[in-house]
Chemist: 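Below is a structure I'd like to ask you about.
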Amino acid sequence: MAALTSDIIRPATKSAIPPALLIGGLVLCAINVAMLQNGFTAHWWIFDENGLGIPTDFVNVWSAGRLVLDGHPALAYDWDIQKQVQVAVLGQSYEGNFAWHYPPPFLFVAATLAHFPYAVAYVGWAAVSFLPYLAAMRAIVGRWFGFLLAAAFPVVFTNTLVGQNGFLTAALIGGTLVLMPKRPVLSGICLGLLSYKPQYGLLFPLVLIAAAQWRVFLTAGFVAVLLAALSWFVFGTESWQAFVHWMPMFDKAFLVEGRAPWGKIQSIFALTRYFGGPETLAWVLQWMMSGAVAVLLVLLWRNRKIPYPLKAAALAAGTLLVTPYLFLYDEMVLAIAVAFLVRVGLDEGFARHELPALGLVAALLMIYPLLGAPTGFAATLVVATLIGSRIGPWWRGPASAPMVPAR
């Protein structure tokens, strides 16, 4: 046992934060704040130097909401009409499309945002969605450091810059996982709300069944069905028909034709295409990875010896590995996996390789703009490896497990 624990760096007290982790968090947080401030003053956030709206992801949310308020929710899915609204909002045209492809329940959010002027909605969406993410990270880490870790995560800047929904997705996945042991109904509500991005819910039914978390499972299903019914009642059958009609075209554009550069998508599918691999090989590798992750997570969640934080970390990381469609802002979910790892490290002590590895994760996420390659996928693999190294001793049996179990 001494040999197995000799490389563990234990904090002097339960509340102590390793200096390297604290300093790294402060530096990354400062970088995020400075980048956002510079982005606004340098006119590459929201408005350009001519006062025109910068074409970016948030414009499809506001424009979809505008169409809802004008009484045409189904037209939010029409690429040509969406672009006409977007050009009017921005005051300028652009190449390509920012298509709306979310299920109709997310039109409730879009319509709410469209009640406000474009710039106010843009900033407000980032600020308001950041709060539940902040709360989830604090709850997971269980210490004030959770706030700093949340603000320091490198993708915070990217998600805010393009006005995406990474904060909300991370908050819902984090809320689902942190509430599951003691508040299963609230956990299920979070998971049901996640149905606005169904690709992130693929693994949850499997692990919930494996772990016999029936209250979470049933609550999530009820909430998802309720949201679908409400959206059908409010936005009409046509909105669902439009969603079903346009979704295959969206998949073809991004996963077949590659209208977005492959380096923007952070999956093994996109990595294969980025290096020139054929589509068939990319799908084979994606399905192999997805299947392996699903099987491992089912086995993991059935194992009652493994501490819950490690199971939660593995599931958060796994949600990113099983989907072929994953942009950098979606890597906000990786913050949830990192938070559970940090919680375990603060409780048990960090292995000597873990803090440098977390530094590598931050570096991989930050260098994406320089390389334009799927560095986010590499960051996810590093986090998954760290989780696996923590789980390994528990999987082998009590004799090799850490002396201090994670709480």
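Atoms considered below: every heavy atom in the structure, side chains included; atoms not considered: hydrogens, waters and symmetry mates. One is the number of the first residue; the rest follow in order along the sequence.
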Chemist: Let me confirm one number: the CG-CG distance from Leu297 to Leu203, rounded to the nearest 0.5 Å.
Modeler: 5.5 Å

Chemist: Mind checking what makes side chain to side chain donor-acceptor pair (under 3.5 Å) contact with Thr380, not counting sequence neighbours?
Modeler: Glu331

Chemist: To the closest 0.5 Å, what do you measure between CG (Leu326) and CG (Leu334)?
Modeler: 9.5 Å

Chemist: Is a donor on one side and an acceptor on the other found under 3.5 Å between the side chain of Trp262 and the backbone of Thr272?
Modeler: no

Chemist: Could you check Tyr102 against Asn165 for side chain to side chain contact (heavy atoms under 4.5 Å, CB included), going step by step and ending with a plain yes or no?
Modeler: CA-CA 11 Å; Tyr102 296 99; Asn165 46 48; 2.8 Å; yes

Chemist: Show the numbers, then the answer: is there a side chain to side chain contact (heavy atoms under 4.5 Å, CB included) between Leu148 and Leu22?
Modeler: CA-CA 9 Å; Leu148 180 59; Leu22 179 59; 3.9 Å; yes

Chemist: Give the ring-plane orientation class for Tyr325 versus Phe327, where under 30° counts as parallel, over 60° as perpendicular and anything between as tilted.
Modeler: perpendicular

Chemist: Using the test side chain to side chain donor-acceptor pair (under 3.5 Å), find all partners of Thr169 that sit at least two apart in sequence or belong to another chain.
Modeler: Tyr196

Chemist: Are any side-chain N or O atoms of Gln266 and backbone N or O atoms of Gly263, one a donor and one an acceptor, separated by less than 3.5 Å?
Modeler: yes

Chemist: Hey, mind stepping through Leu386 and Leu358 against side chain to side chain contact (heavy atoms under 4.5 Å, CB included) and telling me if it holds?
Modeler: CA-CA 9 Å; Leu386 290 175; Leu358 290 177; 3.9 Å; yes

Chemist: Quick one, Trp144 and Ile17 - any side-chain contact, counting heavy atoms below 4.5 Å?
Modeler: yes

Chemist: Please report the interatomic distance CG(Leu90) to CD1(Ile46), rounded to the nearest 0.5 Å.
Modeler: 11.5 Å

Chemist: Below 3.5 Å, can you tabulate the donor-acceptor pairs from side chains in residues 367-374 to any protein atom, sequence neighbours excluded?
Modeler:
none

Chemist: List for me each residue that meets side chain to side chain donor-acceptor pair (under 3.5 Å) alongside Asn303, sequence neighbours excluded, and say none if there are none.
Modeler: none

Chemist: Got a donor-acceptor contact below 3.5 angstrom from the Tyr122 side chain to the Leu161 backbone?
Modeler: yes

Chemist: Which pair of non-hydrogen atoms, one from Ala136 and one from Ala171, has the smallest distance, and what is that distance?
Modeler: CB-O, 4.1 Å

Chemist: If only atom types and distance count, is the side chain of Lys83 paired as donor or acceptor with the main-chain N or O of Asp78 below 3.5 Å?
Modeler: no

Chemist: Kindly compute the distance separating CD1 (Ile268) from CZ (Arg273), expressed to the nearest 0.5 Å.
Modeler: 14.0 Å

Chemist: Taking only residues two or more places apart in sequence, or in another chain, which ones meet Lys197 in a salt bridge (Lys or Arg N to Asp or Glu O under 4.0 Å)?
Modeler: Asp330

Chemist: Of all heavy-atom pairs between Leu177 and Leu315, which one has the smallest distance, and what is that distance?
Modeler: CD2-CD2, 3.7 Å

Chemist: Could you tell me if the side chain of Phe243 sits less than 4.5 Å from the side chain of Pro103, heavy atoms only?
Modeler: yes

Chemist: Please say whether more than 12 non-hydrogen atoms of neighbouring residues, nucleotides or ligands are located less than 6.0 Å from CH2 in Trp287.
Modeler: no

Chemist: Can you give the donor-acceptor pairs under 3.5 Å from side chains of residues 187-195 to other protein atoms, not counting sequence neighbours?
Modeler:
from, atom 1, to, atom 2, distance (Å)
Ser187, OG, Thr176, O, 2.6
Ser195, OG, Gly192, O, 2.7

Chemist: Write down the atom of Ala76, the atom of Ala64, and the distance for their closest heavy-atom approach.
Modeler: CB-CB, 3.8 Å

Chemist: Check whether the ring centres of Trp283 and Phe269 lie less than 6.0 Å apart, and answer yes or no.
Modeler: yes

Chemist: Between CZ of Arg302 and CZ of Arg304, what distance do you get to the nearest 0.5 Å?
Modeler: 9.0 Å

Chemist: Within the structure provided, determine whether Gln84 and Ser63 are in side-chain contact (heavy-atom separation under 4.5 Å).
Modeler: no

Chemist: Can you give me the closest heavy-atom contact between Ala384 and Leu321, atom names plus distance?
Modeler: CB-CD1, 4.4 Å

Chemist: Do Tyr200 and Phe204 have their ring centres less than 6.0 Å from each other?
Modeler: no

Chemist: Could you give all pairs that pass the salt bridge (charged side-chain N to carboxylate O under 4.0 Å, His left out) test and reach residues 19-30, with sequence neighbours left out?
Modeler: none

Chemist: Please, which pairs that meet salt bridge (charged side-chain N to carboxylate O under 4.0 Å, His left out) have at least one residue in residues 101-111, sequence neighbours excluded?
Modeler: none

Chemist: Contact between Trp232 and Thr237 at the side-chain level, heavy atoms closer than 4.5 Å - yes or no?
Modeler: yes

Chemist: Which residues pass the side chain to side chain donor-acceptor pair (under 3.5 Å) test with Asn38, not counting sequence neighbours?
Modeler: none

Chemist: Flag the pair Thr319 / Thr323 as yes when at least one side-chain heavy-atom distance between them is below 4.5 Å, and no otherwise.
Modeler: no

Chemist: Might you work through the side-chain hydrogen bond (donor to acceptor under 3.5 Å, both in side chains) test for Tyr77 and Gln82, ending with a clear yes or no?
Modeler: CA-CA 7 Å; Tyr77 296 94; Gln82 254 275 17; over 6 Å; no

Chemist: List, one per line, each side-chain donor-acceptor pair under 3.5 Å for residues 105-120, sequence neighbours excluded.
Modeler:
from, atom 1, to, atom 2, distance (Å)
Thr112, OG1, Phe108, O, 2.8
His115, ND1, Ala111, O, 2.9

Chemist: Taking Ala351's backbone N and O only, do any of them form a donor-acceptor pair with Glu354's side chain (distance below 3.5 Å, no angle check)?
Modeler: yes

Chemist: Check whether any side-chain heavy atom of Val293 lies under 4.5 Å from a side-chain heavy atom of Met289, and answer yes or no.
Modeler: yes

Chemist: Determine, stepwise, if the pair Thr41 / Gln37 fulfils side-chain hydrogen bond (donor to acceptor under 3.5 Å, both in side chains).
Modeler: CA-CA 6 Å; Thr41 57; Gln37 181 181 7; over 6 Å; no

Chemist: How about Phe130 and Trp125: are their ring centroids closer than 6.0 Å?
Modeler: no

Chemist: List the residues meeting ring-ring contact (aromatic ring centres under 6.0 Å, His included) with Phe217, not counting sequence neighbours, and say none if there are none.
Modeler: none

Chemist: Take Trp240 and Ser231 through the test side-chain hydrogen bond (donor to acceptor under 3.5 Å, both in side chains) and record every step on the way to the result.
Modeler: CA-CA 9 Å; Trp240 278 97; Ser231 68; 3.1 Å; yes

Chemist: If you define the side chain from C-beta out and look only at heavy atoms, does anything of Phe350 sit under 4.5 Å from Leu21?
Modeler: yes

Chemist: Is Asp347 paired with Arg143 through a side-chain N to carboxylate O contact shorter than 4.0 Å?
Modeler: yes

Chemist: Which atom pairs, one a donor and one an acceptor, fall under 3.5 Å between side chains of residues 49-58 and the rest of the protein, sequence neighbours left out?
Modeler:
from, atom 1, to, atom 2, distance (Å)
Asp57, OD2, Gln164, NE2, 3.0

Chemist: Identify the heavy atoms of Val333 and Ala316 that sit nearest to each other, and give their distance.
Modeler: CG1-O, 3.7 Å

Chemist: More than 12 foreign heavy atoms under 6.0 Å from CE of Met288: is that the case here?
Modeler: no

Chemist: Any chance you could measure Asn159, atom CG, to Ser129, atom OG, to the nearest 0.5 Å?
Modeler: 6.5 Å

Chemist: Please walk me through it: do Trp45 and Phe157 pass ring pair (Phe, Tyr, Trp, His ring centres under 6.0 Å)?
Modeler: CA-CA 11 Å; Trp45 184 36; Phe157 168 70; 8.5 Å; no

Chemist: Can you check whether Val344 reaches Phe340 side chain to side chain, under 4.5 Å on heavy atoms?
Modeler: no

